[in-house]
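What's counted below: heavy atoms across the whole structure, side chains too, no hydrogens, waters or symmetry copies.
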Amino acid sequence: MTLLTILLLVAVATAVAIVSRLIKAPYAVALVLAGLAIGSLGSLSVPHLTKGLLFGLFLPGLLFEAALHIALDELKQNARTVLTLAIPGVLVSILVIGGSLALGRKDLGLPAAMVFAALIGATDPIAVVALFKQLHAPRRLGLIVEAESLLNDGTAVVFFTIVMGWYTGKDTTVGGAMLSFVRITGGGVIVGVVAAFALRLLMRIAREPMVGVSLTTLAAYGSFEIAERLHFSGVIATVVAGMIVGDAARHGRQIGTATRVSIEAFWEYIAFALNSIVFLMIGFEVKLGELYTSLGLIAFAYAVVAASRALLVGSVVLMFRRTPERMDLKWALVVGWGGLRGALSMVLALSVPADFPHRRELVAMTYGVVLASLVLQGLTIRPILRRLGLVEADA
């Protein structure tokens with residue numbers, strides 16, 4: 001990616017931000033549509049959104065910044081809901097989506113159906129969370145949506161790796177899969193905790209704000225890279241590191257006020273820049289002409305994904321209806337409809353081997369479902385929040 005390309009992407013993102021603010025459209029959706037329009041004209045050449053680019057540049061920064069704002073005391077109060085949605089919930093969604101696709105589209109085959117289910121399992125509600133903050137939606141509602149997405153990114157990647165292992169012969173037993181899940185996620189947690197406490201120790205020694213910013217950058221990208229090299233979950237490592245550092249900053253432990261302000265300002269801009277570029281690149285990647293030939297399959301897949309999300313959220317609401325973590329129907333509707341899919345699903349689809357059965361249909365389904373969820377759900381979440389009375393009518 002050349003400097004000129006980066007400057008053009010930033011210019012486009014800035015223009016889209018201004019326009020979306022004026023027309024009160026979700027910023028991420030506007031970026032995707034802008035990317036679709038520019039990509040169809042072929043007027044700007046950008047690199048493809050590969051797994052290496054997403055994991056090496058975008059994901060660590062976005063995850064760390066989002067995790068910084070998760071209050072651990074509030075997360076503890078909603079831990080059962082969040083963890084149920086993010087871990088067993090993802091597994092149940094994979095089984096429901098994969099089984100439904102295999103039964104409803106027998107031409108697709110069980111391997112492709114299950115791999116699609118695994119890669120589409122992670123929600124990516126970055127646009128919705130940003131809109132919640134903009135509209136001053138209930139804090140607990142935003143926390144549940146954001147915390148779930150941060151954690152289920154990690155679990156979905158692990159489940160995807162396990163499912164691919166089954167079909168490539170690397171891991172064929174349920175026991176082996178369970179051990180792999182525990183090892184990968186547990187290792188990620190350990191790396192994240194070690195990185196966070198090392199950062200806090202160094203910040204206690206060097207209280208210079210710019211040093212603090214540099215250390216958080218090392219924690220975000222270093223924890224991800226170290227975990228991945230050890231064959232653990234880089235996503236989980238970065239999320240855990242971000243939550244611990246953010247909690248320390250909020251309570252003033254080891255992090256001075258000037259350093260905390262500098263860190264918040266730095267990561268706020270980094271998140272804006274990375275979000276802008278990644279959503280534009282999603283738009284560049286999608287070719288509407290290629291999706292048109294698989295329109296029926298995409299529509300069926302989207303219906304299955306949406307139905308599985310509704311089933312999952314409804315089950316969790318019923319499960320905790322008599323506990324302090326209960327959610328009313330309005331919140332359940334928003335949590336269910338806010339389960340967007342995004343860039344992670346797309347790059348996981350691209351990472352599927354070229355000789356995998358029905359890979360072309362699998363990639364088309366993924367791109368189509370991601371586009372449909374971002375546009376359809378992203379554009380309607382504001383009216384839904386208003387209609388349900390969760391934000392001011394003129395927001």
Side-chain angles (χ1 to χ4, degrees), residues 1-66 68-69 124-135 210 213-214 216-217 220-221 261-291 340-347 350 367 370-379 381-382:
M1 189 182 296
T2 65
L3 177 60
L4 178 59
T5 300
I6 295 173
L7 291 174
L8 289 172
L9 288 174
V10 173
V12 171
T14 303
V16 172
I18 295 171
V19 173
S20 64
R21 183 80 174 180
L22 291 174
I23 65 176
K24 294 187 175 181
Y27 178 51
V29 178
L31 284 167
V32 172
L33 295 176
L36 277 170
I38 297 171
S40 64
L41 297 174
S43 55
L44 181 61
S45 177
V46 298
H48 289 292
L49 186 59
T50 62
K51 185 176 180 180
L53 189 59
L54 184 72
F55 278 45
L57 177 60
F58 295 109
L59 208 52
L62 291 172
L63 291 171
F64 189 83
E65 190 276 337
L68 284 174
H69 301 289
D124 186 18
I126 295 170
V128 178
V129 172
L131 187 59
F132 284 176
K133 293 177 181 177
Q134 178 186 341
L135 298 179
M210 290 302 101
V213 170
S214 299
T216 57
T217 306
Y221 287 88
V261 171
S262 297
I263 289 172
E264 289 177 354
F266 171 79
W267 283 106
E268 184 177 359
Y269 176 73
I270 291 298
F272 167 78
L274 294 179
N275 270 325
S276 301
I277 295 174
V278 78
F279 279 112
L280 274 175
M281 293 182 75
I282 289 175
F284 292 140
E285 286 291 330
V286 175
K287 302 295 183 287
L288 294 177
E290 296 177 5
L291 298 186
L340 311 185
R341 269 60 181 181
L344 180 62
S345 296
M346 293 174 65
V347 298
L350 292 175
Y367 278 35
V370 168
L371 181 62
S373 72
L374 284 173
V375 176
L376 178 60
Q377 294 167 230
L379 287 176
I381 194 69
R382 183 194 292 263

Taking every non-hydrogen atom, the tightest pair across [X] and [Y]:
X: Thr216; Y: Trp267; result: OG1-NE1, 3.0 Å
X: Pro26; Y: Leu379; result: CD-CD2, 4.0 Å
X: Arg341; Y: Val370; result: O-CG1, 3.6 Å
X: Ser20; Y: Ala30; result: CB-CB, 4.0 Å
X: Ile282; Y: Gly342; result: CD1-C, 4.4 Å

Quick check: do [X] and [Y] have side-chain heavy atoms less than 4.5 Å from each other?
X: Met346; Y: Leu54; value: no
X: Phe284; Y: Leu9; value: yes
X: Leu288; Y: Tyr367; value: no
X: Ser276; Y: Leu31; value: yes
X: Ile270; Y: Thr217; value: no

Test log, rule side chain to side chain contact (heavy atoms under 4.5 Å, CB included), inputs Leu36 and Leu371: CA-CA 10 Å; Leu36 277 170; Leu371 181 62; 3.7 Å; yes
Can you tell me how far apart [atom1] ([X]) and [atom2] ([Y]) are? Round to the nearest 0.5 Å.
X: Lys51; Y: Leu59; atom1: NZ; atom2: CG; result: 11.0 Å
X: His48; Y: Leu350; atom1: NE2; atom2: CG; result: 9.0 Å
X: Ile381; Y: Leu376; atom1: CD1; atom2: CG; result: 10.5 Å
X: Met210; Y: Phe266; atom1: CE; atom2: CZ; result: 9.0 Å

Taking it one step at a time, do Leu53 and Met281 satisfy side chain to side chain contact (heavy atoms under 4.5 Å, CB included)? CA-CA 11 Å; Leu53 189 59; Met281 293 182 75; 3.6 Å; yes
Applying side chain to side chain contact (heavy atoms under 4.5 Å, CB included) to Leu274 and Val278, what does each step give before you reach the verdict? CA-CA 6 Å; Leu274 294 179; Val278 78; over 6 Å; no
